[in-house]
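Structure first, then comments.
If you're wondering where the values come from, they're calculated on a predicted model, not measured in any experiment. What's counted below: heavy atoms across the whole structure, side chains too, no hydrogens, waters or symmetry copies.
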Amino acid sequence: MSENILVLEIRSISTPLQHIARLKPGTYIIGRDPSCDIVISDPYVSRRHAKIFYRDNRWYIEDLGSKNGTYVNSEDIRDKGAVELEMGMSIVVGLTTIIVKGFEQS
């Protein structure tokens, strides 16, 4: 059985290296809090900033009421609900950029 794996490139101010994340279908919380699934040590990222989730064979991102907002392709998505992710999209949380690199089948 194949899964639709989301591939993200995370470039954070907290590290000079970029990180590649491969997410299997599920729900992932992005934030500063150590209990988050994707922890970003960025002072402008809220403790629980946004969530990325898989529903109906598609990936989405939703802001969780963050103080500084979540930007998808330069658009603030606070109060907009779930936004579908597509290859090449740029997500900015605080001073951290997350690029949707693509989707893989496992």
Side-chain angles (χ1 to χ4, degrees):
M1 183 175 149
S2 66
E3 292 181 317
N4 195 355
I5 295 172
L6 175 65
V7 182
L8 302 173
E9 178 183 306
I10 303 168
R11 298 181 199 157
S12 180
I13 61 158
S14 62
T15 174
L17 301 174
Q18 61 194 32
H19 172 72
I20 300 292
R22 285 181 168 78
L23 307 180
K24 292 182 178 182
T27 299
Y28 300 86
I29 304 299
I30 300 170
R32 249 187 17 248
D33 193 281
S35 69
C36 290
D37 302 295
I38 300 172
V39 178
I40 298 177
S41 299
D42 176 332
Y44 296 97
V45 171
S46 296
R47 285 181 187 86
R48 291 174 50 88
H49 197 102
K51 72 175 175 179
I52 291 178
F53 61 97
Y54 188 76
R55 182 177 67 210
D56 300 326
N57 296 316
R58 291 182 167 85
W59 284 96
Y60 298 89
I61 187 165
E62 186 173 355
D63 186 85
L64 294 176
S66 67
K67 181 179 178 185
N68 294 311
T70 300
Y71 294 81
V72 176
N73 291 344
S74 302
E75 180 183 346
D76 190 346
I77 64 163
R78 281 181 285 192
D79 303 321
K80 293 198 189 273
V83 174
E84 186 177 348
L85 294 176
E86 297 174 12
M87 190 166 154
M89 280 185 159
S90 171
I91 302 161
V92 176
V93 292
L95 299 175
T96 299
T97 301
I98 302 168
I99 306 293
V100 179
K101 296 301 280 184
F103 306 93
E104 296 177 351
Q105 301 299 315
S106 66

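Counting heavy atoms from C-beta on, the side chains of Gln105 and Asn4 come closer than 4.5 Å. You'll find the side chain of Ile91 stays beyond 4.5 Å of the side chain of Tyr71, heavy atoms only. Residues Ile30 and Ile52 are in side-chain contact: their nearest non-hydrogen atoms beyond the backbone lie under 4.5 Å apart. A heavy-atom distance below 4.5 Å is found between the side chains of Trp59 and Leu23. Here the side chains of Thr97 and Ser90 are in contact, with some heavy-atom distance below 4.5 Å.
For residues 58-73, the salt bridge (charged side-chain N to carboxylate O under 4.0 Å, His left out) pairs, not counting sequence neighbours, are Arg58-Glu84.
Grouped by direct or indirect side-chain proximity (heavy atoms under 4.5 Å, Ile/Leu/Val/Met/Phe/Trp/Tyr only), Ile29 sits with Leu64.
Residues Gly31 and Val45 share a closest heavy-atom pair of CA-CG1, 3.8 Å. Listed here is the closest heavy atom pair of Asp42 and Gly94: OD2-C, 3.7 Å.
His49 places no side-chain N or O within 3.5 Å of a backbone atom of Gly65 that could act as its donor or acceptor partner.
In the hydrophobic clustering of this structure, Ile38 groups with Met89; members are Ile, Leu, Val, Met, Phe, Trp, Tyr whose side-chain heavy atoms approach within less than 4.5 Å, directly or through other members.
Other residues, nucleotides and ligands place more than 12 heavy atoms under 6.0 Å from the CZ atom of Arg78.
With sequence neighbours excluded, no residue forms a side chain to side chain donor-acceptor pair (under 3.5 Å) with Arg47.
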